[in-house]
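Okay, so here's the structure we're looking at.
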Amino acid sequence: MKQFLSFVRKEFYHVFRDKKTLLMLFGLPIALIVLFGFAVTNEIKNAKIVICDYAKDQATQQIINKLEAGNQFKITKTIMSHTEIEDAFKKENIKLAIIFPANFNKDLLHLNKAQVQIIADASDPNTANTLTNYATAIIMDYQQELMKNNTIPLRIVSEIRMLYNPELKGATNFVPGIMALVLLLVCVLMTAVSIVREKETGTMEILLVSPISPFLVIISKAIPYFFLSLINLSVILILSVTLLEMPINGSLWLLIAESTLLIICALSLGLLISNNTQSQQSAMLISMMGMLVPTMLFTGFMFPIENMPVPLQVITNIVPSKWYYIIVKSIMIKGLGFSAIWKETLILFGTTCFLLFVSLKTFKNRLV
């Protein structure tokens with residue numbers, strides 16, 4: 001154990017002596033948090049919504065048909081009571097809920113005015129704003145059709161309610177995505193480069209023939225980056241809460257535990273890359289391109305996954321940052337507990353175990 005701790009201490013010395021490594025390790029998260037505080041999402045398609053129709057009359061059915069006719073919305077089900085809406089937002093990942101009150105058509109024809117309530121999941125403010133505009137436009141289009149055949153003007157009033165993020169702050173959507181990007185990218189890049197550096201300088205063979213087990217040598221290279229990544233996580237959370245006014249509505253300890261799981265997953269992936277590369281340049285290229293692009297494209301915080309073709313939607317399931325992004329949004333913004341994210345946690349845990357097993361297996365084969 002004393003020899004193992006000596007290897008860990010030696011790796012810490014390597015990290016703190018390299019100014020470029022320190023800049024990438026701590027400068028990158030701060031830069032990304034500041035730069036990606038605000039952004040604009042693209043057009044939304046096939047967003048999951050639910051309908052609560054108390055009226056069940058001709059007018060509401062025609063509006064529902066119009067909602068289904070376009071490609072913006074995908075009605076998952078019609079619920080019987082508005083009390084089921086919160087559960088639908090938490091468990092079924094819906095983006096929008098529309099409530100038609102009783103006597104909707106009668107109020108419209110006799111009082112010349114009817115109300116519709118639109119409830120959106122504003123944890124992603126750009127998506128929520130876009131979807132409410134879509135729904136309002138469709139309702140207004142139906143209103144215009146009615147006015148063509150009536151001399152008395154009819155008016156439908158849409159009441160819009162934004163859940164989780166009433167102020168529609170862009171940081172609410174991007175901070176979880178940047179957390180996934182930084183933790184995955186930095187952990188993979190640093191671990192892969194640190195081991196390949198030993199190969200290039202010819203000191204890896206010396207380490208492997210030392211009295212300590214080769215597996216402990218490899219693990220000792222990753223442990224410093226594990227603790228430094230936890231510091232990174234603390235910096236990101238502090239900046240998010242103080243600078244971007246991000247809430248942490250759920251359990252902080254659950255968020256740290258889930259982040260730790262992603263860090264271990266990223267370190268395992270870095271070990272796998274390091275075992276299959278022979279130069280720092282190739283390790284950096286694979287780490288940057290292999291982590292940056294999938295995380296930016298397939299996580300869901302920049303481009304809605306629902307917009308993608310089905311094959312690409314399937315590919316997103318193998319990207320660990322996608323599941324971590326869902327977990328962070330559920331904990332920080334929605335305030336949910338483990339019971340709401342156990343499926344995503346199980347997938348992330350399984351991915352971590354698989355990557356760790358494959359990386360150690362690859363290292364063992366190379367020793368043979």
Side-chain angles (χ1 to χ4, degrees), residues 24-25 28-29 31-33 35-37 39 41-42 93 123-124 127 171-192 222 225-226 228-230 232-233 235-237 240 246 250 254-273 284 286-308 312-334 336 340-356 358-359:
M24 184 174 296
L25 193 60
L28 181 63
L32 289 177
I33 285 292
L35 292 176
F36 284 86
T41 59
N42 287 341
N93 196 29
S123 60
D124 185 342
T127 299
T172 306
N173 178 48
F174 275 86
V175 166
I178 295 303
M179 289 177 62
L181 176 63
V182 168
L183 292 179
L184 193 66
L185 183 61
V186 170
C187 292
V188 172
L189 182 61
M190 293 296 100
T191 308
Y225 297 104
F226 173 78
L228 292 174
S229 296
L230 292 179
N232 251 337
L233 174 64
V235 172
I236 292 173
L237 292 178
S240 301
M246 271 285 294
L254 179 59
L255 179 61
I256 294 174
E258 298 288 350
S259 301
T260 302
L261 185 58
L262 180 72
I263 291 171
I264 297 174
C265 178
L267 293 176
S268 302
L269 188 55
L271 291 175
L272 181 61
I273 294 174
M284 291 184 64
I286 294 174
S287 300
M288 291 291 289
M289 298 302 296
M291 296 300 103
L292 181 62
V293 176
T295 302
M296 297 286 283
L297 297 181
F298 297 146
T299 298
F301 79 98
M302 290 197 69
F303 306 102
I305 295 176
E306 295 84 359
N307 289 10
M308 302 177 185
L312 290 181
Q313 293 186 32
V314 174
I315 293 176
T316 62
N317 294 325
I318 66 176
V319 180
S321 53
K322 170 191 174 181
W323 306 109
Y324 179 73
Y325 173 68
I326 296 173
I327 290 171
V328 173
K329 286 184 66 175
S330 299
I331 297 174
M332 291 187 68
I333 303 172
K334 298 182 180 180
L336 303 181
I341 57 171
W342 68 269
K343 293 180 181 179
E344 291 80 5
T345 303
L346 186 62
I347 294 173
L348 188 57
F349 178 76
T351 304
T352 302
C353 293
F354 174 76
L355 290 174
L356 185 59
V358 172
S359 60

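Computed from a predicted model, the values in this text were never measured in an experiment.
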Are N317 and W323 side-chain neighbours, meaning at least one heavy-atom pair lies under 4.5 Å?
-> yes
Under a 4.5 Å cut-off applied to non-hydrogen side-chain atoms, are P320 and L269 in contact?
-> no
Can you measure from CE (M179) to CG (L255) and round to the nearest 0.5 angstrom?
-> 5.0 Å
Do I341 and I326 come within less than 4.5 Å of each other through their side chains, counting heavy atoms only?
-> no
Any side-chain heavy-atom pair from L262 and I327 closer than 4.5 angstrom?
-> no
State, to 0.1 Å, how close S359 and S268 come at their nearest heavy-atom pair, and which atoms those are.
-> CB-O, 3.6 Å
Which of these passes side chain to side chain contact (heavy atoms under 4.5 Å, CB included) with L271: V188, T191, L355?
-> T191
Would you give the length of the straight line joining atom CG of L189 to atom OH of Y225, rounded to the nearest 0.5 angstrom?
-> 9.5 Å
For the atom pair CG (L230) and CG (L183), what is the distance rounded to the nearest 0.5 Å?
-> 9.0 Å
Rounded to the nearest 0.5 Å, what separation is found between the CZ atom of F354 and the CG atom of L272?
-> 8.5 Å
Taking C-beta and beyond as the side chain, do I236 and I178 meet within less than 4.5 Å on heavy atoms?
-> no
Is there a side-chain contact between S259 and Y324, using heavy atoms and a 4.5 Å cut-off?
-> yes
Audit row: E258, T345, side chain to side chain contact (heavy atoms under 4.5 Å, CB included) steps and yes/no | CA-CA 7 Å; E258 298 288 350; T345 303; 2.8 Å; yes
How about L237 and M246: do any of their side-chain heavy atoms sit closer than 4.5 Å?
-> no
Look at atom CZ of F349 and say whether more than 12 heavy atoms of other residues, nucleotides or ligands are closer to it than 6.0 Å.
-> no
Rounded to the nearest 0.5 Å, how far does OG of S240 lie from CG of L233?
-> 9.5 Å
